[in-house]
Amino acid sequence: MVQPLASGTHTTDPAPAAVFDWLDEAAELRAEAGLTRRLRSRAAQDPVLDLAGNDYLGLTRHPAVTRAAAEAALRWGGGSTGSRLVTGTTALHTELEEELAAFCGVEAALVFSSGYTANLAALTALTDPDTLIVSDAYNHASLIDGCRLARADVHRAPHSDPQAVREALERRTQRRALVVSDSVFSVDGDAAPLAGLSAAARAHGAALLVDDAHGLGVLGPGGAGALAAAGLAGQPDTVATVTLSKSLGSQGGAVLGPRRVIRHLTETARTFIFDTGLAPAAVAAALAALRLLRAEPHRADRTREVARGLAARLTAAGLRACEPDAAVVSVRAPGAEAAVAWAADCRRAGLAVGCFRPPSVPDGVSRLRLTARGDLTDAQLAEAVRIIAELAPEGARVG
């Protein structure tokens, strides 16, 4: 046990392992609160019907995508070998950035090793101590962490409330301002009022940063994303971040926006400068998926159709399912322990579903989170609804 001394120094227990005894106590507290998390390995050919992953268009195992990844690994090697500014930029990276920018209707794009690092880069490089960040209360953890790492003042705005954003901007004393929001929120799958947020930002000389992780490939014409759907793609005061690990079935992330913004991030963003570049195999897979989406734009329509159908069937079964704006459908559970048990029962019955509970949910309400993949058949949807409804715990149904 550590004993503080009057001088401010400490004397320690001679047992080296004792320094981490507090971790066991913290684990016990999480267990008591029903917040224990465990890793679960899955086989390459998992027989379970997957409504838990984020493969929105069903492209992760598409032959064109897997073949592109394999060929890139054989040609370029297993990794990118270094930072993007040193040796980590291949011709594939450049191709993906050019085609992604063109598809989304923006001037330029910059690929990162993950959507998380893309968000950290955008928030820390586009702000300074004389900046006010107005961030939606339900934003993803990567945006929240980016706000914490930024040197700016941060205001947490009520969820999807452009008027509250406008009022925060009216009160600001900082020289610059940045409005930050998910395009589609990952818990309930509701879409942000991007037109209203853009109007509020523009009225007060603020920039708009949108995390379009759940919009790319699902929303907008042919899946071009939420900014395209809102008529904001290519605007000079608007920046988007995306992941390559959802609709594009690969791994990585990107920042999309005006060319001068991309140049600034290339020269200043720490998660770009000091991070190893995305592996060529992942870049090639994302590029192949993007080309498939361009050639088959109906995939985005099908994903939204599946989401609406899934929500309607669950609601008809008496469950509290959200009305989806994109591919995410959530079903409310009566509590955290009930949600965990419900998800575990579903898996044993052959269905994988996500389980969101505090502190991962900003409103404190536990849920099952379902992914409406575009490649799911009507028979698979019916089976998924049957399992979820039959195993629903007491208190999960309306009334």
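Along the sequence shown, residues are numbered consecutively beginning with 1. Scope of the values below: all heavy atoms of this structure, side chains included, with no hydrogens, waters or symmetry mates.
Side-chain contact between His214 and Ser186 is present, with heavy atoms from C-beta onward closer than 4.5 Å. The side-chain heavy atoms of Val328 and Tyr56, taken from C-beta on, include a pair separated by under 4.5 Å. Contact of the Glu383 side chain with the Ile387 side chain is registered, since non-hydrogen atoms from C-beta on lie closer than 4.5 Å. Using a 4.5 Å heavy-atom threshold, the side chains of Leu265 and Leu126 count as touching. Side-chain contact between Leu370 and Leu314 is present, with at least one heavy-atom pair separated by less than 4.5 Å. Side-chain contact check for Arg40 versus Arg347: some heavy-atom pair is nearer than 4.5 Å. Using a 4.5 Å heavy-atom cutoff, the side chains of Asp153 and Thr131 are not in contact. Side-chain contact check for Ser80 versus Thr276: some heavy-atom pair is nearer than 4.5 Å.
Among residues two or more places apart in sequence or in another chain, the ring-ring contact (aromatic ring centres under 6.0 Å, His included) test is passed with His159 by Tyr138, Phe185.
Panel note: side chain Arg304, backbone Val218; a donor-acceptor pair is recorded below 3.5 Å. In terms of modelled atom types and a separation under 3.5 Å, the side chain of Asp136 and the main chain of Ser160 share a donor-acceptor contact. No donor-acceptor pair closer than 3.5 Å links the side chain of Thr87 to the backbone N or O of Ser83. His62 places a side-chain N or O within 3.5 Å of a backbone atom of Ala64 that can act as its donor or acceptor partner. Arg373 contributes no side-chain N or O that, together with a main-chain N or O of Gly53, makes up a donor-acceptor pair within less than 3.5 Å. When atom types are taken as modelled, the side chain of Asp325 and the backbone of Ala191 share a donor-acceptor pair closer than 3.5 angstrom.
Between Pro358 and Gly364, the shortest heavy-atom distance links the atoms CG-O, 3.6 Å. Ser247 approaches Leu59 most closely through the heavy-atom pair O-CD1, 3.7 Å. The two atoms that bring Ala72 and Pro280 nearest to each other are CB-O, 3.7 Å, heavy atoms only. Taking every heavy atom of both residues into account, Asp182 and Ala192 meet most closely at O-CB, 3.2 Å. Listed here is the closest heavy atom pair of Thr315 and Ala321: OG1-CB, 3.8 Å. Minimum interatomic distance between Val239 and Pro258 (heavy atoms only, all atoms of both residues): CG2-CD, 4.2 Å.
Rounding to the nearest 0.5 Å gives a distance of 9.5 Å between CZ of Phe272 and CD1 of Ile262. Here CD of Glu107 is found 11.0 Å from CD of Gln235. Values are rounded to the nearest 0.5 Å. Interatomic distance, SG of Cys147 versus CG of Leu178, reported as 8.0 Å (0.5 Å rounding). In this structure, Glu95 CD and His93 NE2 are separated by 11.5 Å, a value rounded to the nearest 0.5 Å. With rounding to the nearest 0.5 angstrom, the CZ atom of Arg263 is 10.0 Å from the CZ atom of Arg259. Atom CG of Asp211 and atom CG of Leu143 lie 5.0 Å apart (nearest 0.5 Å).
Counting only N and O atoms by type, the side chains of Ser142 and Asp145 include no donor and acceptor under 3.5 Å apart. For the 3.5 Å distance criterion, the side chains of Thr89 and Arg84 qualify, holding a donor opposite an acceptor. In this model, no donor atom of one side chain and acceptor atom of the other lie less than 3.5 Å apart for His140 and Tyr116. In summary, the side chains of Ser135 and Asn139 do present a donor paired with an acceptor at a separation below 3.5 Å, with no hydrogens or angles considered.
Annotation for Arg397: atom CZ counts as buried by contact number, over 12 foreign heavy atoms lying within 6.0 Å. Counting non-hydrogen atoms of neighbouring residues, nucleotides and ligands closer than 6.0 angstrom, the CZ atom of Arg302 exceeds 12 such neighbours. For CZ of Arg37, the number of neighbouring non-hydrogen atoms (other residues, nucleotides, ligands) closer than 6.0 Å is greater than 12. With a 6.0 Å radius and a threshold of 12 heavy atoms from other residues, nucleotides or ligands, Glu97 has its CD atom above the threshold. Around atom CD of Glu394, no more than 12 heavy atoms belonging to other residues, nucleotides or ligands sit under 6.0 Å away.
Only one option out of Arg176, Arg175, Arg151 pairs with Asp128 in a salt bridge (charged side-chain N to carboxylate O under 4.0 Å, His left out); it is Arg176. Among Asp375, Thr66, Asp55, the single residue meeting the side-chain hydrogen bond (donor to acceptor under 3.5 Å, both in side chains) criterion with Thr60 is Asp55. For the side chain to side chain contact (heavy atoms under 4.5 Å, CB included) test with Thr117, the passing option among Thr271, Thr241, Leu278 is Thr271; the others fail.
The hydrophobic cluster containing Val385 also contains Ile388, counting ILVMFWY residues as joined when their side-chain heavy atoms lie under 4.5 angstrom apart, directly or transitively. Under the 4.5 Å side-chain contact rule for hydrophobic residues, Leu256 and Leu232 do not share a cluster. Hydrophobic clustering (side-chain heavy atoms under 4.5 Å, transitive across Ile, Leu, Val, Met, Phe, Trp, Tyr) keeps Leu216 apart from Val184. Taken together through direct or relayed side-chain contacts under 4.5 Å among Ile, Leu, Val, Met, Phe, Trp and Tyr, Val180 and Leu169 form parts of separate hydrophobic clusters. Leu57 and Val242 end up in the same hydrophobic cluster when Ile, Leu, Val, Met, Phe, Trp and Tyr side chains are linked at under 4.5 Å.
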Given side chain to side chain contact (heavy atoms under 4.5 Å, CB included), test Val210 with Leu194 step by step and report yes or no.
-> CA-CA 8 Å; Val210 178; Leu194 294 185; 3.9 Å; yes
Residue pair Ser183, Asp212: steps toward the side chain to side chain donor-acceptor pair (under 3.5 Å) verdict = CA-CA 5 Å; Ser183 65; Asp212 203 21; 2.5 Å; yes
Stepwise, does the side chain to side chain contact (heavy atoms under 4.5 Å, CB included) test hold for Val365 with Arg367?
-> CA-CA 7 Å; Val365 178; Arg367 300 162 170 82; 3.7 Å; yes
CA sep, side-chain torsions, deciding dist, call: Val261, Leu110, side chain to side chain contact (heavy atoms under 4.5 Å, CB included) | CA-CA 10 Å; Val261 168; Leu110 190 64; over 6 Å; no
Please assess Cys355 against Arg369 for the test side chain to side chain contact (heavy atoms under 4.5 Å, CB included), listing each intermediate value before the final yes or no.
-> CA-CA 6 Å; Cys355 177; Arg369 180 186 182 274; over 6 Å; no
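Between Arg357 and Glu337, no side-chain nitrogen of the basic residue sits less than 4.0 Å from a carboxylate oxygen of the acidic one, so the salt-bridge criterion is not met. Remark: Arg386 engages Glu390 in a salt bridge, criterion side-chain N to carboxylate O under 4.0 Å.
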